[in-house]
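I have placed the structure first, in the form of structure tokens, so that the comments after it can refer back to it.
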Amino acid sequence: QVQLVESGGGLVQAGDSLRLSCAASGRTLRSYAMGWFRQAPGKEREFVAAISWTGGNTVYADSVKGRFTISRDNLKNTVYLQMNSLKPEDTAVYYCAADPSLVVVKTFGGSWGQGTQVTVSS
């Protein structure tokens, strides 16, 4: 099973940018579709973005479309989430997930990391 570790979260102001990373160990990410989810206090975990194992297919939640970009470097076994024009409502713990299927990972997640906190102040 793949182990995932997220990093890159922090406290920023509205309008700022952050880049989250999700590093994998245990198995190569090359055969996995990857996704990013987030969970705000008192809310359910929600889908943010997903990418196919080749990187050729990406999917985004409407709330982040045009502001966030998911990408991957299979040689580094790492997936990224570039977040621009951050808003206070983006405040959440961000998790990455891995599954062989893009459909499954964007719907249900998969193997999860421990999460990284993103806080956006107004």
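Among residues two or more places apart in sequence or in another chain, the side-chain contact (heavy atoms from CB on, under 4.5 Å) test is passed with Gln39 by Arg45, Tyr95. Applying the side-chain hydrogen bond (donor to acceptor under 3.5 Å, both in side chains) criterion to Asp90, with sequence neighbours excluded, gives Arg38, Arg67. Every residue meeting the side-chain contact (heavy atoms from CB on, under 4.5 Å) condition with Val5, not counting sequence neighbours, appears here in chain and number order: Gln114. Residues satisfying the side-chain contact (heavy atoms from CB on, under 4.5 Å) test with Ser31, not counting sequence neighbours, are none. Taking the salt bridge (Lys or Arg N to Asp or Glu O under 4.0 Å) definition, one finds that Lys65 meets it with Asp62, sequence neighbours left out. Ser121 meets the side-chain hydrogen bond (donor to acceptor under 3.5 Å, both in side chains) test with no other residue; sequence neighbours excluded.
Identified under the salt bridge (charged side-chain N to carboxylate O under 4.0 Å, His left out) test for residues 12-36, with sequence neighbours left out: none. Applying the disulfide (SG to SG under 2.5 Å) test to every pair with at least one member in residues 25-84, sequence neighbours left out, gives no pairs at all. For residues 10-104, every residue pair satisfying the disulfide (SG to SG under 2.5 Å) rule, not counting sequence neighbours, is listed here: Cys22-Cys96.
The backbone N or O of Asn77 lies less than 3.5 Å from no partner atom in the side chain of Asn74, so there is not a single donor-acceptor pair. Of the possible donor and acceptor atoms, one in the side chain of Ser52 sits under 3.5 Å from a partner among the backbone N and O of Asn57.
When all heavy atoms are compared, the tightest approach of Ala97 to Gly110 is CB-N, 3.7 Å. Across Thr78 and Ser21, no two heavy atoms sit closer than the pair CG2-CB, 4.2 Å. Scanning both residues, Phe108 and Phe37, for their nearest heavy atoms gives C-CZ, 4.4 Å. The nearest pair of heavy atoms linking Ala92 to Ala40 is CB-N, 3.8 Å. Scanning all heavy atoms of the two residues, the minimum distance from Ser85 to Ser17 falls at N-OG, 4.3 Å. Between Lys106 and Ala50, the closest heavy-atom pair is CB-CB, 3.9 Å.
Alongside Tyr80, the hydrophobic cluster contains no other residue (criterion: ILVMFWY side chains under 4.5 Å). Val79 belongs to a hydrophobic cluster whose other members, connected by ILVMFWY side-chain contacts under 4.5 Å either directly or through intermediates, are Val2, Leu4, Val12, Leu18, Leu20, Leu29, Tyr32, Met34, Trp36, Val48, Ile51, Tyr60, Val64, Phe68, Ile70, Leu81, Met83, Leu86, Tyr94, Val118, Val120. Counting Ile, Leu, Val, Met, Phe, Trp and Tyr side chains that sit under 4.5 Å apart, directly or through other members, Leu11 stands alone, with no cluster partners.
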### Message
Pair Phe47, Val59 - check side chain to side chain contact (heavy atoms under 4.5 Å, CB included), show working.
### Response
CA-CA 10 Å; Phe47 168 75; Val59 186; 4.1 Å; yes

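At a cut-off of 3.5 Å, with distance as the only test, no side-chain donor of Thr91 or Glu89 sits close to an acceptor on the other residue.
Here the straight-line distance linking atom NZ of Lys87 with atom OG of Ser122 works out to 14.0 Å at 0.5 Å rounding.
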